[in-house]
Amino acid sequence: PADGRFSYGKRILEELGEQFDLPELFEALRTPGKRLCARVNLLRGSPEEVLEELERTGYEPETPYPYEELVCVRVEGPFEVPLTDAVVVADKRAAESVLMGADLYAPGLLEAKGVKAGEPVTVLAEKTLEPVGFGRALFEGEPPRRGKVVETVVTKFKAPKFRELKSFEKGLIYPQSAPAVAAVRALEPEGLVVDMNAAPGGKAFHAYELLRGKGKVIAFDISKKRISKMMEEMRRLGHSFEVVRADSRYLDLDFPHLVGKADRVIVDPPCTAIGVIPKVWDVKKDEDMINAFEYQKQFVKVAYKLLKKGGLMLYSTCTLTKTENERVVEFAEEMGFEVVEKDTPWGKTPVKVSPSVHGEPGFFIAILKKK
Ligand code: SAM
């Protein structure tokens, strides 16, 4: 273990240590980025409309990136979270939401001690028992199995609640990080865009919007649950394109009519997700990284087959290891891809965005051209 909260394998630590100051990185992984952003659905409305609603709601929106569709709000904090005698322990996921300003819901509650309905209570993160929020308990005795259990008043950080805006309900915005938006911008979608790891749809929706009806998106994903979430989002945004449940490692065999036809391919595969912030704790073994690497290469191989000559692949991950990023790019080069330099706010691709260096979620963006 590098730090009580982060238990990473030896090779993972070596790779992170070669690139970053580890204490600084671990500190940054515990905190959200400087701001939270949402992408405006330009097919449905204008950034001005969203900025206006944000201001009306009491936020001070910012547009610090060179993308008209991206609007952001600063995350406030850290605040001191009061510690009371009554405590509840929240699981990792729920604790990370509470840390950002959410209320606590029943499925995330693991344990309760001394809780009285209507009385103050502190929410602790499982394992580390770090206070992430303070508020009012909404139950007493046996915790309920559903619904809100703690209404928070003070949380470690306070992030904008994009999902509560009218703009969200109207399909005008899609909450998304700046690096994810930069990734699809760097790809410059055109013609036929195949997304091989599409759900819940952030990048595919963005590509569809940038095409403005002048191209086509076909999105694949293996997860039924994530595809159903994507379909719900698609309805909210008012988009319409093909979403198919398939194992993308075999698209060339199962969808032979797509071979050599794609102008753009998005490969955004599962990864160790070390860049996803904020984290209350994390455990990753070297084996997780190696398995992810082996899996990631299979998508790259198929992407090569689907692309036209001269077509571009976006390879992106939300992790920081070299194995899952730089080494996958080397593999792509060995098979006939060529690295393309595209501008991003953090330098030219291939680029790695890091929480400790850039104050953004950790992210890797590479653009590769089929020679
Ligand atoms: N691109 C998405 C976005 O921007 O919202 C996020 C994709 S997420 C990082 C990786 C996705 O890969 C998951 O939705 C997962 O279900 C999918 N996946 C994993 N294995 C797959 C496979 N063999 N074929 C297709 N999709 C797969």
Side-chain angles (χ1 to χ4, degrees), residues 36-39 41 67 69-70 162-163 171 173-187 189 193-211 217-237 239 241-255 258 262 264-277 284 288-289 291-306 313-321 324-325 328 352-353 360-367:
L36 230 55
C37 305
R39 187 168 47 67
N41 174 6
Y67 308 121
E69 65 272 42
L70 197 54
F162 289 120
R163 285 180 173 79
I173 53 170
Y174 186 94
Q176 201 172 24
S177 74
V181 169
V184 177
R185 274 297 199 110
L187 181 65
V193 181
V194 176
D195 188 339
M196 294 178 57
N197 311 95
K203 295 179 192 70
F205 295 140
H206 190 198
Y208 178 83
E209 288 162 32
L210 292 173
L211 285 172
V217 175
I218 305 181
F220 294 96
D221 202 279
I222 201 168
S223 157
K224 193 172 165 188
K225 201 167 148 202
R226 292 173 68 101
I227 287 188
S228 82
K229 175 76 193 147
M230 180 165 177
M231 298 315 288
E232 192 185 301
E233 285 297 89
M234 174 119 97
R235 274 190 294 278
R236 185 179 64 82
L237 296 166
H239 294 352
F241 57 83
E242 213 179 327
V243 180
V244 186
R245 184 173 177 210
D247 186 333
S248 298
R249 292 174 297 170
Y250 311 106
L251 290 184
D252 54 323
L253 304 176
D254 297 336
F255 298 83
L258 290 177
R264 301 287 186 267
V265 173
I266 299 175
V267 176
D268 187 34
C271 66
T272 52
I274 292 171
V276 176
I277 53 172
K284 289 281 155 27
D288 299 329
M289 172 176 79
N291 290 343
F293 173 61
E294 294 303 331
Y295 204 48
Q296 289 152 352
K297 286 189 292 184
Q298 299 183 58
F299 298 110
V300 170
K301 265 195 221 165
V302 173
Y304 188 83
K305 292 185 180 158
L306 302 186
M313 166 175 75
L314 161 65
Y315 178 79
S316 57
T317 74
C318 57
T319 202
L320 298 168
T321 64
E324 295 168 87
N325 295 311
V328 174
K352 192 177 274 166
V353 185
E360 300 280 356
F363 209 80
F364 180 78
I365 309 170
I367 303 292

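Note that ligands are numbered from 1 as they come in the structure, with each ligand's atoms numbered from 1 the same way. Fair warning: this is a prediction, and the values are worked out from it, not measured in the lab. As a basis for the values below, the full set of heavy atoms in this structure was taken, side chains included, without hydrogen atoms, waters or symmetry mates.
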Query - Aromatic ring proximity Phe220/Phe255, centre distance under 6.0 Å - result: yes
Requested in this report: Go through the steps for Val267 and Met313 under the test side chain to side chain contact (heavy atoms under 4.5 Å, CB included), then give the verdict.
Outcome: CA-CA 7 Å; Val267 176; Met313 166 175 75; 3.8 Å; yes
Query raised in the report: Would you say Arg226's side chain and Ala199's backbone share a donor-acceptor pair under 3.5 angstrom?
Result: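 Such a contact is found between Arg226 side chain and Ala199 backbone.
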**Report entry** Pair Ser177, Glu360: side-chain N/O donor-acceptor within cut-off below 3.5 Å
**Finding:**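 Side chains of Ser177 and Glu360: no pair found under 3.5 Å.
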Query raised in the report: Between the side chains of Thr272 and Asp288, does any donor sit under 3.5 Å from an acceptor?
Result: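 Result is no, nothing qualifies.
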Report summary line: Using heavy atoms and a strict 4.0 Å limit, residues surrounding ligand 1 turn out to be Met196, Asn197, Ala198, Ala199, Pro200, Gly201, Gly202, Lys203, Asp221, Ile222, Ser223, Arg226, Ala246, Asp247, Ser248, Arg249, Asp268, Pro269, Pro270, Tyr295, Phe299
**Report entry** Test: Lys229 and Glu232 ion pair at under 4.0 Å
**Finding:** yes
